Every structure is written in C-alpha cells, then in structure tokens.
Amino acid sequence: MPLNSNKGNALYVTNIAQSEISFKARPPGLQADRLNEERTMKRAKYTAGCLLLMMALLFVGCGSNPALETGPKTTTEIILTSAAGAKQSIQENVEFRPGTPSGVIVSVYPGKVKQTIDGIGTSFTESSAFVLAHLELEKRREVMLQIYGESGANFSLTRTHIGACDFCVEGRYSYVDKVGDTDLTTFSIAEDTMGFDPKTYPGVKDQSYDLLPMIQEALSIKSQQQDSELRIIASAWTAPSWMKDIEEWYIPGSPDNNWQGTGGSLKPEYVKTYSDYLLKYLDIYKDAGVDIWGITPVNEPHGNGGQWESMNFSPESQSDFIQTHLGPSLKNSAFSDTRLLAYDQNRDGLAHWSDVIFPADKTNRYVYGVAVHWYESTNKVYEDVFDQVHDKYPDYTIIHTEGCIDDLGKPAHDDLTDPEKFTETNWFDNDAFWWNENATDWAYSVTWEGVAVEDHPAYTPVHRYARNIIESIDHWVTGWVDWNIVLDQDGGPNHVGNFCGAPIMIDTASQNVYYTPIFTVLSQFSRSIRPGDKAVKTHQTKAELEDDDLHACATVNADNLLSVQLLNTSDKSIEYNLQIGTQYAVIKLSENSVQTVRVQL
C-alpha cells in the first residue's frame, strides 16, 4: 500500500522533531531554565522515538496498510456458486462495521502471511486430447478458452504425463522403446504428436490433435493475454519397460501371483539412464516450445498393484536417485530452474517420505518440495500432516498434483458390504449428482484387510474438491492440480477401464460439452487465487455449527486484494461474521455452496 497511508502519524512525528530543533536554536538571551529545557528535549526525543517504533511495527506487521489493523470499509466483490444454480454469480457487497462480533466468525489476519501460492489448475492427458479431437475446431477453441483464457478459468498450474499412463487411448509406450538404447538415440515424442486416425477412431474431427498440440494450444492462448503464466509439472508413470526388473509395463494381480501385481523397479544398471531419459524429455519438449516448470521422479512410487503403467521407488531409493543422479543432472543442465518434487502419492505417506527425502537434501538443496495425491481418503485432508511437515521442514513446499472422482461407474465386485451404492450413475449433464452424496471411491465398503474403510465414505463431489482445496491452502499447500481436465461422457477413454470424473465431460457422439459444477468451482478458485499470492492466517469460531459445515481460507495478492474462500456443506444457509482487524461484515453463505469474498485492503 502507499507509504502515505500513515501520513498523519508521519507529520506528527516530524512536528515533534522540529520542536526539538527549535529548543536547540533558542538565543541564550532568553535565560530559559536549561534543566527544564533538557528534560523537555529528552521527552520530545522519547516521544518521537516511540512513535517511529510504533510506525515501524505497523509497517512490518501489517504490510504498511492501516486497513490490515483496523479493517476495510466494504467488500469489493462476493462470488457464489451453489447447488441452487448460482455459477460464479456476483452478490451484493456488504459494509464493514467496527466492534466485536459474536456467533459464527471467520477471522482473517492479512498481516500474518504464510506460504506463496504456485497456482490452481488441472491436467493435460492423452485422453483429454483425444476427446477434444472429436470437436469441431471452433467448438474446441471455445472449450480451451474456457479452460485457459483470462475470461475463463485461466488455470495457472497444470500437470502432464511423460510417456504412457492409464489415461491414454492405447497406452504401453515410452519415448525410447528400443531395448538397450542407453544413449537414448531413438528418443522420440511421436506418440504425443501423431494424432488419431478417424479410420481407427470414428468420430475424430481433427486427426492431428494430440497431447503436445493440446499443450501448445493452451500456451498459445496464454501468450495472447496479459496473465500468460502456465506452470507445467511433468511426471513419468514408468521408465521404459526394458529398464525395469519385470521387463514389462506392469503385471496385474492374479491368482498365479497371489494378487500381488506390480509395476516393477529400475534395474541398477539403468538408474542413471532413467535420469538421462527425464532430462531428454525436458530438452525435447523445450524444442517444441514447452517449458516444464516442475518434475517428479515418478508418479505414485508405492505402485498401484500392477493395474496400469507404474514403477516403484522406496523413500530411500528415490532419495538416492535424486541426490546421485536426477538432482545433479538438473542442477548442471539448462534446466536448473525446473522444480524437483519428490514423492507424488497419497498424503498419509507424506511425513515418512519427508523424513527421508529432506534431511538427505539438506546440503545439496536439489528438491523444491513434495507432491501429494488424495486417494487415501474421501473426506480427510490430512491438515495435521501438512502442519507437521511444514513445521519440521519450512523451506520445502507441498503441492497437490492429482485428485479426481476415481472408479466412476465401476461395477460392484464381491468384496463389498454396499454393492448398490458402490456404482455411480447419472452423472452426465446432471448437476445434482455433483452437489449431493452420490460418489464413491475404490475403497468404499470394501472388506479388504488393511484398508481403513471408515476413511472412504460416499461423498459429495463438490464438497470433496472445495474442502480439500480450502483446507490444503489453509495448511501450507502452495498449489492444487486436478487430474484430467476433459473426459468423455463415460469418464474415459482409459486403456485399462479405470474411468474417472472430470471437470468437463463431453459426449463425443453429440458433441454436447458438459461443464460440471467441479469446473465452475475450480474456475472460481483459479480466478481469485493466482501464482505469487500469499496465504494468510485464518481462524474460525463455529458456534453451533457442525465441524464440517464451514471451511475457509484466505490469500492476498500484491495489490492488497484479499480473497476469502468459503464452503458451506450443510443444507442450511450460514450467517457469519467476516472479521478483519477491528471491523467485521455480516455475510450470508447459501446452503450447499462455495463463496469467494474479495476485499480491497
């Protein structure tokens, strides 16, 4: 804020200082009492010093803005998305008043700054590109502008896969499939550019469209607007199969292996080659006009039971891989600014992985932070783990790199106590599905040993997303990335049938584009939480509310525009007091809704 925000105090201090000078300049002939004069001068100096100190503390503690201390006069903008049909609708602004509120209170402390935000967004996959290839060019452009344009969601943080993943049309490929090519002379990203032949895939309108062209189109949109940043995180699901001990992409579980499927691990002789492979990817993609902002050694190093492409690391083996190979290679290359994120799996394992990865990185500082997913629970955010890891390793960041509605519509199997609820239906072009408790995940009602089934209840998709994003940002997470941005009406294609929900779902036959409520909520967050913003401290007094009824977080940008994000999961509206400094505003939060309150400080 402007320096003259404390202008009155500054002038007062100046006048006191000038009066001190006038004491010194008095002619001797006035015969003033020297002792009283000295005492007066000392008092003036002391008063001036105290005022200067108070001003300094105000500047340091409150960002040099008295509104941070006393509070603003009115909200700047209130945005609402709700089950009742509001979609980023603008609500009437509310005035602040002085005093101490009672009841439900959301207190925000703009002067207590926390982590710097890396962004909000979603992911590029081959499956997303395939679905978009079914649209006419003009309609596809409209969708891409809704995703990446300034008038749309304007997503700033994203992720893509290096080589094949389950969300590929056919899968089972890498960029070096020639066995033994340790020099990587056959490295090729042709799989990302070859497109989809309409003869093989009827309904495709643009046969040249693929993963890389999709990324390039997004970057082209960004380049034509003032807010042009798009931070891309890249993750390999696996090394080329010949580099792994199983010499296969994956081995599914079966009676023959006692249902112990696996993606295998790197052969020791190819550990360095795999590091070179990742660096080669960065180089080739840069040549294609795509700068990769961050990279993880592998997606989900615990594996997935051999269900699709994967590769295992232990915390210790990944730490050694980073410290011996990938870290030094990045540091000594043209990609030294590429952020290296370790782990890249579920939040429940974060503390253990951090305790291995971060101490080993203390000297070299190759690692930017850790990446996490959300599949170990449908309702827990693991805020306590985030706080624990941040308190222990405050110089490292935490980014959520994947989350989605997994196993969408999957047929029930025999190991369930509630097979009827397990299989979702009627999600396409039906907002009510997304705003109510209709979704389940892979572990819902299973009877498998070792699975904490109580952590996997049925859930409301919008609530899961909004709760997770809000609580994560309120507990040190710097970025949040959804999985596939676009899938077809069934939640695919997925070459192993692992269908999932997506923010945008498209009927490829009719070309009906369905922007789900998840897209609207992600867009609302993305438009008001930008890279470089700072999270600030919040506190909630929930009075008679249930603990899960209300969630809130807050960020502030470089222009001192505060954005408060709120979720009401209950079926009743909530009247809460938004307190900033010594003032508060009484605001209504509709039932089953997500609200953004913006305040110019």
Side-chain angles (χ1 to χ4, degrees), residues 63 77 79 88 110 113-124 144-160 215 218-235 289-296 335-341 367-372 386 390 394-403 465-466 468-483 485 503 519 521-536 553-565 596 598 600-601:
E77 187 177 42
I79 306 162
Q88 298 190 69
V113 175
K114 299 170 71 176
Q115 76 275 23
T116 300
I117 300 299
D118 281 316
I120 303 288
T122 182
S123 299
F124 299 104
M144 290 293 283
L145 284 168
Q146 283 293 322
I147 300 168
Y148 299 107
E150 280 184 317
S151 61
N154 200 19
F155 291 130
S156 56
L157 185 65
T158 185
R159 184 176 183 235
T160 191
I215 297 173
L219 291 172
S220 174
I221 290 170
K222 288 286 187 177
S223 70
Q224 297 172 42
Q225 58 192 38
Q226 184 175 355
D227 188 349
S228 61
E229 186 167 19
L230 184 61
R231 300 177 173 185
I232 304 172
I233 300 169
S235 303
V290 179
D291 290 320
I292 300 298
W293 181 85
I295 192 168
T296 73
F335 306 103
S336 58
D337 290 338
T338 302
R339 284 78 172 169
L340 177 52
L341 296 165
V367 179
Y368 179 68
V370 282
V372 294
F386 290 152
H390 173 78
D395 295 333
Y396 292 94
T397 194
I398 305 169
I399 296 179
H400 174 98
T401 52
E402 186 183 317
Y465 269 79
N468 201 284
I469 294 170
I470 288 171
E471 292 295 338
S472 294
I473 289 175
D474 205 43
H475 292 270
W476 302 105
V477 170
T478 65
W480 205 99
V481 183
D482 170 61
W483 193 201
I485 176 57
F519 176 80
V521 168
L522 284 173
S523 174
Q524 185 169 318
F525 286 146
S526 173
R527 290 175 61 83
S528 55
I529 306 173
R530 305 300 300 167
D533 290 359
K534 308 284 187 181
V536 299
C553 73
T555 56
V556 64
N557 69 15
D559 296 323
N560 278 329
L561 180 61
L562 180 74
S563 296
V564 184
Q565 315 292 343
T596 301
R598 311 195 84 183
Q600 184 64 60
L601 300 175

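In this text, all values refer to a predicted model and were calculated from it rather than measured experimentally.
- For Thr478 (side chain) and Thr397 (main-chain N/O), no donor-acceptor pair under 3.5 Å exists by modelled atom type.
- Judged by distance alone, the side chain of Lys114 and the main-chain N or O of Asp474 form a donor-acceptor pair under 3.5 Å.
- Cation-pi contact between Arg159 and Trp483: present, with separation from the ring centre below 6.0 Å and deviation from the ring axis of at most 45°.
- In this structure, Asn557 contributes its side chain and Asp559 its backbone to a donor-acceptor pair below 3.5 Å.
- For Glu77, the side chain to side chain contact (heavy atoms under 4.5 Å, CB included) criterion is met by Ile79, Ile90, Arg598, not counting sequence neighbours.
- Side-chain atoms of Gln146 do not come within 3.5 Å of backbone N or O of Ala153 as any donor-acceptor pair.
- A side-chain donor-acceptor contact under 3.5 Å links Ser223 to the backbone of Ser220.
- Tyr368 pairs with exactly one of Asp337, Thr338, Asp118 by the side chain to side chain donor-acceptor pair (under 3.5 Å) rule, that one being Asp118.
- For Tyr148 and Phe124, the ring centers are positioned less than 6.0 Å apart.
- In terms of modelled atom types and a separation under 3.5 Å, the side chain of Gln565 and the main chain of Thr555 share no donor-acceptor contact.
- The side-chain contact (heavy atoms from CB on, under 4.5 Å) test with His400 singles out one residue from Val372, Ile473, Asp482, and that residue is Val372.
- Phe525 CZ to Thr596 OG1: the interatomic distance, rounded to the nearest 0.5 Å, is 6.5 Å.
- The residue from Val477, Leu157, Val370 that alone fulfils the side-chain contact (heavy atoms from CB on, under 4.5 Å) condition with Ile399 is Leu157.
- Distance check, rounded to the nearest 0.5 Å: OG of Ser228 to CG of Asn154 gives 9.5 Å.
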